[in-house]
Structures are given as structure tokens and as C-alpha cells.
Amino acid sequence: MSQQKAKESILKAHELKHANTGVYRQFNDKLREELNAIKEDRDLSEEGRAKRLAQVRETRGKELLEMAYRRHSEFKSLLADARKNAEAVIYSDIPKPDQTKIDRFDESFRKLKTELMLARDGKTAAHKLTQFIEGVDERYFHHKISEAYADLSSSVLALDNNSGMRLALSQQYDNLNASYESPDAAAARSSLDTANGMDQSQFFLKLVEDSAREGLGVKYSSFINNTESYYSHHEDERPVIETEKAPETKRKPSIYDMPEEDRALIGRLNRELRERREREAAELATGGDSE
């Protein structure tokens, strides 16, 4: 289920990004109409026309950045949701060994890292790394090695950075991941890699940047793909992003929700009940017989 949710979030993020150009085109069509109307207004002086154009560009430029900020925030939120669901699949089904085995592995792993740092050549370092991996048979530990593989492989490549070594390490990393991941986890990792790649991509196309530069100037076009940088210097202008609201607690019905005549009836019945209880209590106090 989580993997399906990850795929759905990625699809929504892709559709959102794909729609950027069309959304911007609508914005730009209205901007050009507004600018052209000012340029063709013969009632304006040159100074008045320039001032009016500058005002419109500032207003519309801020509107564009707000639109870009909101869309990019939604895009990142979808990708964050995709990563969360993908990681839930990748890491949920890996059984954890007992603590004694974990302690022994951690000790051996620290020793390996030291040996790689002190190795004299890449071939020796790569051999030590391969031996260590082949000596591990728990999926949990394969995952631990995979998480640290960037640092481990860097120690080897610092000694031997030729293309053959890089290819061998890349294949080893792929095999390592395959050794601890279930088929569902492999699909989830593909979703995770896709989400990470999309998050690093440029949100608006360069043609949108170029068009914004032509219509609004570099002040706004240069921030369309980095609105966070703009708002870090203009916090008072930062748009408020609404978060998902918690479900409201259903209020219990109250007497005050009833029609007035119903409230009056309930009040009269309560008074009668209270008076009857008072009479019964008085009878009990006097022995129950007034004769």
C-alpha cells in the first residue's frame, strides 16, 4: 500500500511540474496585455508611462514569485510524501538480529573502516571490502553496509579512481542492495530514487525563466526557480502555506440546538421531576404517613 502511495505522489508531482509552462503562459498573456495597454496609452507622459510600467512589473513580479513558491512547496510536499512511503517499504521488512550480533558486527565494521583508510593501494582496499561483505549473511547488516557505502567506496577510490574500479564498486553496491531488499523494496527504492531525482531538477523550464526576464526583468526571473532565496530576504512577503487541518471533533448536541418550544417542554418536565423527588424525600423524612 505504501509503495502505491509513493507512486501516486510521484505521479501528482510530475503532473504538477508538467503543468508549470501552461500556468505561466496564462499569467504571461495577461501581463503582456497589461503592459501593451500602458505602452499604447497616449494620455500618459513618458515619465508617467515608465512609472506605471515599473509599478505593474513589481506587482506582477511578486505575484509570479508567490505562485511559483506555492507550486514548488506543493511539489516538494508530494515528493516528501513519496519518500516517506517508499522508505517505509524498504526498511520495514528487514528483521533485526539480537544485540550480541549487532555489537560484534559494529566492532568488525569499525575495524574495516580503519583498514580501508590505512590501505596502501586501491586493489588491497577493494579486496578487504569484498571479503567483509561476503562474510556477512544477515540482511540487516547488508543494509548497514549499504548505508555507509558512500564513505567505504570513497576510501577505495581515493587510492584508485580508474573507470574499472568505479564500475566494480558500482556493481558491488547494486548487488548489496539486491541482497537485502525484497521485490517490493526494490520497486520502492526505484520510487525513492525517482523522487530524489525530481527534487534536484529545475522546477520551471529555462524558457519560462527567459520569458519572465523579458517581461518582468532579472529581479524576478532569477528567483523563479529559487523562491526560498527571495523570501529569506523578504520574510514579510512570504506566502502562508496551509497545512492539512486536523479533523474537527464533532460537538455533542446541546439543548440550545433545539427549538424554543422543545426547550420549554424539557424545562417543565425537569421541574416536575425535581418537585416530585422533593415530595418523596419529605414523606420519607416524616415516616411516610401523614394521617
Side-chain angles (χ1 to χ4, degrees), residues 1-14 76-201:
M1 187 64 179
S2 291
Q3 166 57 10
Q4 181 61 30
K5 288 182 178 179
K7 291 172 66 175
E8 289 173 358
S9 293
I10 288 173
L11 179 60
K12 289 178 181 178
H14 176 76
K76 286 183 172 294
S77 177
L78 287 167
L79 294 181
D81 187 65
R83 283 194 292 269
K84 180 186 70 175
N85 284 294
E87 288 172 350
V89 175
I90 294 171
Y91 304 127
S92 65
D93 64 344
I94 302 177
K96 186 176 182 179
D98 62 67
Q99 192 58 45
T100 301
K101 286 186 176 182
I102 293 175
D103 292 340
R104 288 174 181 169
F105 171 82
D106 289 343
E107 182 179 354
S108 299
F109 203 22
R110 285 193 294 269
K111 182 179 178 182
L112 170 69
K113 292 176 181 178
T114 302
E115 290 177 347
L116 293 183
M117 292 177 64
L118 299 177
R120 294 185 176 182
D121 57 75
K123 185 177 181 180
T124 300
H127 180 68
K128 286 181 178 292
L129 177 57
T130 300
Q131 271 191 322
F132 183 84
I133 293 173
E134 290 177 348
V136 173
D137 57 3
E138 297 269 6
R139 292 173 59 207
Y140 178 85
F141 297 135
H142 285 173
H143 174 228
K144 297 274 284 186
I145 298 170
S146 175
E147 286 188 318
Y149 200 82
D151 292 333
L152 298 174
S153 59
S154 293
S155 295
V156 178
L157 293 174
L159 299 169
D160 186 350
N161 194 23
N162 69 62
S163 59
M165 180 63 76
R166 296 181 71 86
L167 177 61
L169 291 173
S170 176
Q171 291 173 341
Q172 186 176 67
Y173 179 62
D174 291 340
N175 293 335
L176 187 62
N177 287 332
S179 69
Y180 74 82
E181 291 181 345
S182 65
D184 286 342
R189 180 167 291 282
S190 176
S191 294
L192 180 61
D193 291 341
T194 299
N196 287 334
M198 291 175 67
D199 203 12
Q200 297 300 316
S201 65

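Numbers here simply count residues along the sequence, with the first being 1. Keep in mind that what you see is a predicted model, and the values were worked out from it rather than measured.
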Steps toward side chain to side chain contact (heavy atoms under 4.5 Å, CB included) verdict (F132, L152): CA-CA 11 Å; F132 183 84; L152 298 174; over 6 Å; no

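In this structure, CG on L176 lies 5.0 Å from OG on S146, to the nearest 0.5 angstrom. In this structure, L129 CG and K113 NZ are separated by 11.5 Å, a value rounded to the nearest 0.5 Å. In this structure, CD in Q3 is found 10.0 Å from CG in L192, a value given to the nearest 0.5 Å. For the atom pair Q4 CD and N85 CG, the distance stands at 10.5 Å (nearest 0.5 Å). Atom-to-atom distance recorded for L79:CG and S191:OG is 11.5 Å, nearest 0.5 angstrom.
Among residues two or more places apart in sequence or in another chain, the side chain to side chain contact (heavy atoms under 4.5 Å, CB included) test is passed with A119 by A125, L159. Among residues two or more places apart in sequence or in another chain, the ring-ring contact (aromatic ring centres under 6.0 Å, His included) test is passed with H143 by Y91, Y180. Under the side chain to side chain donor-acceptor pair (under 3.5 Å) criterion, K101 pairs with E138, sequence neighbours left out. Partners of T130 under the side chain to side chain donor-acceptor pair (under 3.5 Å) rule, at least two apart in sequence or in another chain, are Q172. Checked against side chain to side chain donor-acceptor pair (under 3.5 Å), T124 has the following partners two or more places apart in sequence or in another chain: D121. Taking S201 as the reference, K17 meet the side chain to side chain donor-acceptor pair (under 3.5 Å) condition, with sequence neighbours excluded. The side chain to side chain contact (heavy atoms under 4.5 Å, CB included) check on D184 picks up V89, S182, with sequence neighbours excluded.
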Extract all donor-acceptor atom pairs below 3.5 Å that involve side chains of residues 103-112 and protein atoms in other chains or at least two apart in sequence.
residue : atom : partner : partner atom : Å
D103    : OD1  : Q99     : NE2          : 2.9
S108    : OG   : R104    : O            : 3.2

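Without hydrogens or angle criteria, S9 side chain to K5 main chain gives a donor-acceptor distance under 3.5 Å.
Between I133 and N175 the shortest side-chain heavy-atom distance does not fall below 4.5 Å. Residues M198 and T194 have side chains in contact (heavy-atom distance under 4.5 Å, counting atoms from C-beta outward). Annotation: side chain of K144 is not in contact with side chain of I102 (no heavy-atom distance under 4.5 Å).
When all heavy atoms are compared, the tightest approach of A150 to S153 is O-OG, 3.1 Å. Residue Y140 comes nearest to P95 through the heavy atom pair CB-O, 3.4 Å, listed as atom of the first residue, atom of the second, then distance. Summarising the geometry of A6 relative to A86, their closest heavy-atom pair is CB-N, 4.0 Å, with the distance given to 0.1 Å.
Within the structure, every pair that satisfies the ring pair (Phe, Tyr, Trp, His ring centres under 6.0 Å) test and touches residues 144-164, not counting sequence neighbours, is listed here: Y149-Y173. Contacts classified as salt bridge (charged side-chain N to carboxylate O under 4.0 Å, His left out) and involving residues 80-92 (residues at least two apart or in different chains) are given here: D81-K84, R83-D199. Annotation: salt bridge (charged side-chain N to carboxylate O under 4.0 Å, His left out) contacts involving residues 152-174, sequence neighbours excluded, are absent.
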